[in-house]
Amino acid sequence: MSSSPPIVSSVQPGGAQDTTSDTEGDQISEARFSAIPPPMSPSSEDSGRTRLKESESPPQQSSSEPPSEGKSGPSSPTVIVFADNEEGEEEESVEEIEEHLATYWLAPRQTPRNTPPSFLLSVDYSGQHNRAIVRLFNPETRETVFWLDNTGHQPYCYTDYPPQVAEMKAKAHPGFVRTETVRLHDLLRDQEVTMTKVIGDNPLAIGGSHRAIRDLLTELVRTGDPAHPTTEVSHAWEANIRYRNCYTYDRKLVPGMMYRVENGQLIPCPPELDEATLHKFIEALDEEEGLKDIVETYAPMFFTEVPDIPRIALDIEVYSPQLNRVPDAATAPFQVTAIGLSDSEGYNVCLVLKREDIPLGERGEDYPKDLEVVFYDDERQMLLDAFRKIDEYPIVVTFVGDAFDLNYLYHRAKKLGIDVKTQCPIYLGRDIALLQRGVHVDLYKFLKNPSVRLYALSGAYEQSNLESIAQGLLGFGKLQRTTDISHLPLYELAHYCWLDANITLQITTYKNNLLLRLIVLLMRISRLSMEDVTRQGISSWIQSLFRQEHRSRRALIPRQVDIATVKGAEAHTEAIIKDKRFKGAIVIDPVPGVHFNTCVLDFASLYPTIMKRHNISYETVDCPHEECRNATDNRVPETDHWICKKRRGMISQTIGFFRDTRVRWFKRLSKDKSLDERIRDWYGVVEKALKVFVNASYGVTGAQHFELFCMPAAESVTAYGRHAIVRTKEKAESMGVRVLYGDTDSVFLDNPTEEQQRELIRWSREELGIDLEVEKTYKYVALSGRKKNYIGVYPSGYVEVKGLSGKKRNTPDFVQEAFREMLGVLSKVDSPQGFEAAKEEIREIVNSVLDRLEGKGELYSPEELAFRVQMTKPIDKYGSTMPQHVRAAKMLVEAGYDVQPGTVVEYIKTKDEAGVLPIQLARERAYWIDVDKYVDTLRSVFGQVLDAVGIDFEELLGFTTLDQFF
DNA sequence: TCGATA
DNA sequence: AACGGCTTATCGA
């Protein structure tokens, strides 16, 4: 323990320690250096590295400086100074740099003219330089370096105005540069179009600032509506693509792949793919036109493994005078009491602030051996040391770092007089915390993403808090505290804080870096930077993927209004579109009762297969060709839609390729025991990433806010899906097999022979062109008569519960527990006669629960009795209706609690006027639980299952176990 | 009893 | 800022 700053940066300043000559070149230094606007004078004497003396004042933001891109984009706030060295220049001597740096905490940022193959972390826009800036991690020197665009690429959008008109309108903006005429393909109308490319001198000139160019490329049109006589119609295309993405697409950059800098040029380093494997890979796919291009683009992404990028996880604890209330990050009013750090190479430290009234405490039994605790008297010094440490890493991982940890540190640093430009590696955007050098990954945002949680991680956790995620993924949770954080003895505080950081790190390292590798694959496929891909959702990923696909084909990216107009929906206002729903999937009426030997067949990824096989894409459904409109063999069943016979649809082709690749290669081979374990593991990750895109492709096509939203396309997919399941049912019945139930893409067959299963599968492949698979065979299934509600028991005794409220969150724990016990009984049943014995056992379970409810046994705690219902809006937004959870929420507010939207209110049902009581208040207050209400709940939950197996719940209520003794 | 809400 | 289908409970009119 020492009170002096113990952390010694392992990175020498300035990169001057580098023994290779590859990193010679420019430096991106910190904001305190004056900005020298590029291009710079070709003087070799003054290399631009001159630094201000300590006494000189920090630079003012120059008003002529181009604004940074948007408010929340990861553009750099730092002033970057670099030498004008078209040819490499002499390196400054080591001594000189160290002398300069003695007063600075953060090492300067490098823009080397040469690097070995490096990992492309992000593509950003640098407001300082008004150019694209690429962030690379060099695995040899373990440095994060930068490359500034030198190709002269500029922001632009397209318009259908001729050049003279476009220029006349756009030149009202000072950022207008010039126009160019371009030929592009309009996929919606299937024709070449001449467009005018309008170039601006910075991204905000195109869009984002007041009266930007995209706002000038408009036309006033009369509406005929007296209330709004005119409306502005936009003539701008591709004007809302962020510049960093625009640059990525045009340069065909793939974030997550390797690049090197050679003589100042950014050059891709494609991997050497094993020819034999690649050949087999192509053979596994259907031969079709355009396959070669698509394989060339995507195979390198799928077959290049991800390096183990060093990363550090950070978690902080903050003093709070109020129990269970986290201080506001934007004002950072209280001391940071601990900073936990844990990196991927075994660095485990917790920085702890000494406080007068808090004892040191002791290191408990489970105290981690390799955790080092460093004590500080000075909070400012503690922050500076933490800053210098995390600045060494290409990736900093947090859990809720955007909203809290990094945000708090930034504002606290400011408050403590730290110069945030030169001494703090963090800077803030709107709702986002970024790093000047590395990439900040907020795992909370990423793991909360439903696509990640459900598709990639198969729903391994239910709630998105660190405790349940750690339990679900790692199998252990956070440290149990003995008291609240603000009063924890220092060693326990250190342990708790560090463990949170360590758990956060372990989430990225478990299963051979599964999560890191998944993030990188998602970067590659979506072409988004690590910062963006971990914060955005599936619709942004798919949007970005298809923007790139349009650009590579020289196709114009349509606007929502273009798709709606061409598909004949121009009369629909947004409000009408919003309410208009299309018909979805079919659920076959269940045959109620118990059925032994039920075989469930399902269509393998039904909707993506339909999109591939029927060529469904926004441009191919209701296409503009007369021949297609008049043909008869291309009609979508039950609808008036038709499908293009002349062109391959972009979404159909891309998603079809992903689907086939996943099913026929990565998923299959990830389970092939004859392959090397490392390869199998990698294939498993690729399979999961592809699954995310494939599964969501239909959903986003039917999502109103999606750029390529196309109702006819979404409607066609579900129509073909209904067609498939209905015909399969008919076919099965014609073979003498009874269909007991079915939902969207599955049919439950009553005791079919193996021969019958094979025949149906063969029929489906030949007639429908969809793979039907045996998904599972149940020992028995109990269908309740209601749709989407059943239990299925496997031969192993494992019970699967679908839709029944016994499994739902809002059901009290004691009911869920009794429900589980009942399932345990039912899982043992092997024959129709077995239900008699089961009935007696279930009677025991029910009666013991009733005893406890009525006070004849051990009482249930408020937690066990709690109903849990989420608040979907603020309390005052609930008008005339007053649901029970809102009533409970009001009681909480009166008692001084804070109830925000999204809060899950926990309450018990009581026998008084209120009828409810929040469990927080139940601890300090006497109450009578409403036994009748609880019996109702028990009845409805048990009834759902017991109905199906022929047991009457009321009959079980006859008497309770204790009654037998009286 | 019914529609709205969760 | 993925979709629709479906069940169950509660509240107020």
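Numbered from 1 within each chain, the chains take letters A, B, ... in sequence-line order.
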Interatomic distance, A:Q870 CD vs B:dT5 P [rounded to whole Å]: 17 Å
Would you call the rings of A:Y720 and A:H614 parallel, tilted or perpendicular, where under 30° means parallel and over 60° means perpendicular? parallel
With a 4.0 Å cutoff (strictly under), does any side-chain N or O of A:K909 reach OP1 or OP2 of C:dT10? yes
In whole angstrom, what separates A:R868's CZ from C:dA9's P? 18 Å
Whichever of A:D743 and A:T937 has its nearest DNA chain C nucleotide further upstream toward 5': A:D743
What's A:E707 touching, base or sugar-phosphate or nothing? Going by heavy atoms closer than 4.0 Å. nothing
What is the distance, to the nearest angstrom, from the CZ atom on A:R939 to the P atom on C:dT7? 21 Å
Proximity to the side chain of A:Q536 - top-ranked nucleotide from C:dA1, C:dC3, C:dT7: C:dA1
Please classify the nucleic acid contact of A:S940 as base, sugar-phosphate, or nothing, using heavy-atom distances under 4.0 Å. sugar-phosphate
Under 4.0 Å, counting only non-hydrogen atoms across every strand here, what does A:A696 touch: a base, just sugar-phosphate, or nothing? nothing
Separation of atom OH in A:Y720 from atom P in C:dC3, rounded to whole Å: 24 Å
Considering only side-chain heavy atoms of A:V869, which listed nucleotide, C:dG5, C:dA2, B:dA6, is closest? B:dA6
Taking salt bridge (Lys or Arg N to Asp or Glu O under 4.0 Å) as the criterion, tell me which of A:K729, A:R786, A:K788, A:K787 meets it with A:D589. A:K787
Parallel, tilted or perpendicular: which fits the ring planes of A:Y778 and A:F748, with parallel below 30° and perpendicular above 60°? tilted
For the residue pair A:F819 and A:F942, categorise the inter-ring angle as parallel (less than 30°), tilted (30 to 60°) or perpendicular (more than 60°). perpendicular
Please tell me if A:R786 has a side-chain N or O lying less than 4.0 Å from either OP1 or OP2 of C:dC6. no
Assert: residue with more 5' nearest nucleotide on DNA chain C, out of A:H705 and A:G584, is A:H705
Nucleotide nearest A:S539 when distance is taken to its side chain, options C:dC6, C:dT7, C:dA2: C:dA2
Just checking A:Y455: base, sugar-phosphate only, or nothing, at a heavy-atom cut-off of under 4.0 Å? base
Atom CD1 of A:I542 to atom P of C:dA1: distance rounded to whole Å? 12 Å
Touch check for A:S540, heavy atoms < 4.0 angstrom, all strands: base, sugar-phosphate only, or nothing? sugar-phosphate
The criterion is side chain to side chain contact (heavy atoms under 4.5 Å, CB included); which residues satisfy it with A:A696, sequence neighbours excluded? A:I538, A:I542
Of the nucleotides C:dC6, C:dT10, C:dA2, which one has an atom closest to the side chain of A:Q884? C:dT10
In this structure, how many angstroms lie between the P atom of C:dA1 and the CG atom of A:N449, rounded? 8 Å
Could you tell me how far apart A:M711 (CE) and C:dG4 (C1') are, to the nearest whole angstrom? 12 Å
Can you tell me if the side-chain N/O atoms of A:Q944 get under 4.0 Å from OP1 or OP2 in C:dT7? no
Under the side chain to side chain contact (heavy atoms under 4.5 Å, CB included) test, which residues partner A:E906, sequence neighbours left out? A:A866, A:R868, A:I919
Specify the separation, in whole Å, of atom OH of A:Y741 and atom P of C:dG5. 14 Å
When we call it a touch if two heavy atoms are under 4.0 Å apart, what does A:K787 touch: a base, just sugar-phosphate, or nothing? sugar-phosphate
